[in-house]
Amino acid sequence: MFELASEWYCENLGFAMGDYDFNDFVELKVDEQYVMHLFKTEEFKPMEKANFVFKAEDIVKAHKQLIEKHVDVEPIFHHEDHAGFNFKDSDGNILMICKYFYYYVNGFPLFGTKLVRYKHYKRIKKLIYNKF
């Protein structure tokens, strides 16, 4: 079962396996850089909420790719400062992928301030979904 989870992350999310001991852990890498570990546990209970977020530059493309791989994917949600979606891994853990929106004023990044969010919310939705 632990081996299947490792394969799922590699096949569906593009990780490569690094060091591993299937009796204990698997190290997952992207571009030869360590990203995360999967640890074996005897008292497993799937995560009901995402504990971390994967970043995507194109949220719609990421969503479509996971659907094409038959991953259990929820619809895309959108807020003023980000869009994203939840999905489940092979063990039923909830994971999340998001696209965050950054704005620059006089060369300084603003992230999700009310003024900027409210002013550009509809324009951002149009850019993401190309249908509003």
Please check if the number of heavy atoms outside D31 that lie under 6.0 Å from its CG is greater than 12.
no
Pair C98-V53, side chain to side chain contact (heavy atoms under 4.5 Å, CB included): steps then yes or no:
CA-CA 7 Å; C98 285; V53 176; 3.6 Å; yes
Just verifying a value: how many Å separate F77 CZ and I59 CD1, rounded to the nearest 0.5 Å?
7.5 Å
For the side chain of N12 and the backbone of W8, is there at least one donor-acceptor N/O pair under 3.5 Å apart?
yes
Taking F25's backbone N and O only, do any of them form a donor-acceptor pair with D21's side chain (distance below 3.5 Å, no angle check)?
no
How about C10 and L28: do any of their side-chain heavy atoms sit closer than 4.5 Å?
yes
Looking only at non-hydrogen atoms, find the nearest pair between M47 and N51 and report the distance.
SD-ND2, 2.6 Å
pair Y20-L38: side-chain heavy atoms closer than 4.5 Å:
no
Could you state whether L66 and M36 fall into the same hydrophobic cluster, counting links through intermediate Ile, Leu, Val, Met, Phe, Trp or Tyr residues with side-chain heavy atoms under 4.5 angstrom apart?
yes
Does K29, at its NZ atom, have more than 12 non-hydrogen atoms belonging to other residues, nucleotides or ligands within less than 6.0 Å?
yes
V71 side chain near K88 side chain, heavy-atom distance below 4.5 Å:
no
Starting at NZ of K45, measure out to CG of D91 and round the result to the nearest 0.5 Å.
15.0 Å
d(I76 CD1, N86 CG) to nearest 0.5 Å is 11.5 Å
Under a 4.5 Å cut-off applied to non-hydrogen side-chain atoms, are P46 and N93 in contact?
yes
Under the ring pair (Phe, Tyr, Trp, His ring centres under 6.0 Å) criterion, do F87 and H63 qualify, and how do the steps go?
CA-CA 9 Å; F87 62 102; H63 192 258; 9.5 Å; no
Around atom NZ of K64, are there more than 12 heavy atoms of other residues, nucleotides or ligands at under 6.0 Å?
no
Between V26 and F15, is any pair of side-chain heavy atoms under 4.5 Å apart?
no
Please give me the minimum heavy-atom distance between D89 and L95, naming the atom from each residue.
CB-CD1, 3.9 Å
Are E57 and K55 within salt-bridge range, i.e. N to O under 4.0 Å?
yes
Measure the spacing between CD of E3 and NZ of K40 and express it to the nearest 0.5 Å.
6.5 Å
First locate atom CE of M96, then atom CZ of F52, and finally report the distance between them rounded to the nearest 0.5 Å.
11.0 Å
With rounding to the nearest 0.5 angstrom, report the CG to CD1 distance, D58 to I97.
11.0 Å
Is any side-chain heavy atom of Y9 closer than 4.5 Å to one of M17?
no
Same apolar cluster: Y34 and V30, side chain cutoff 4.5 Å:
no
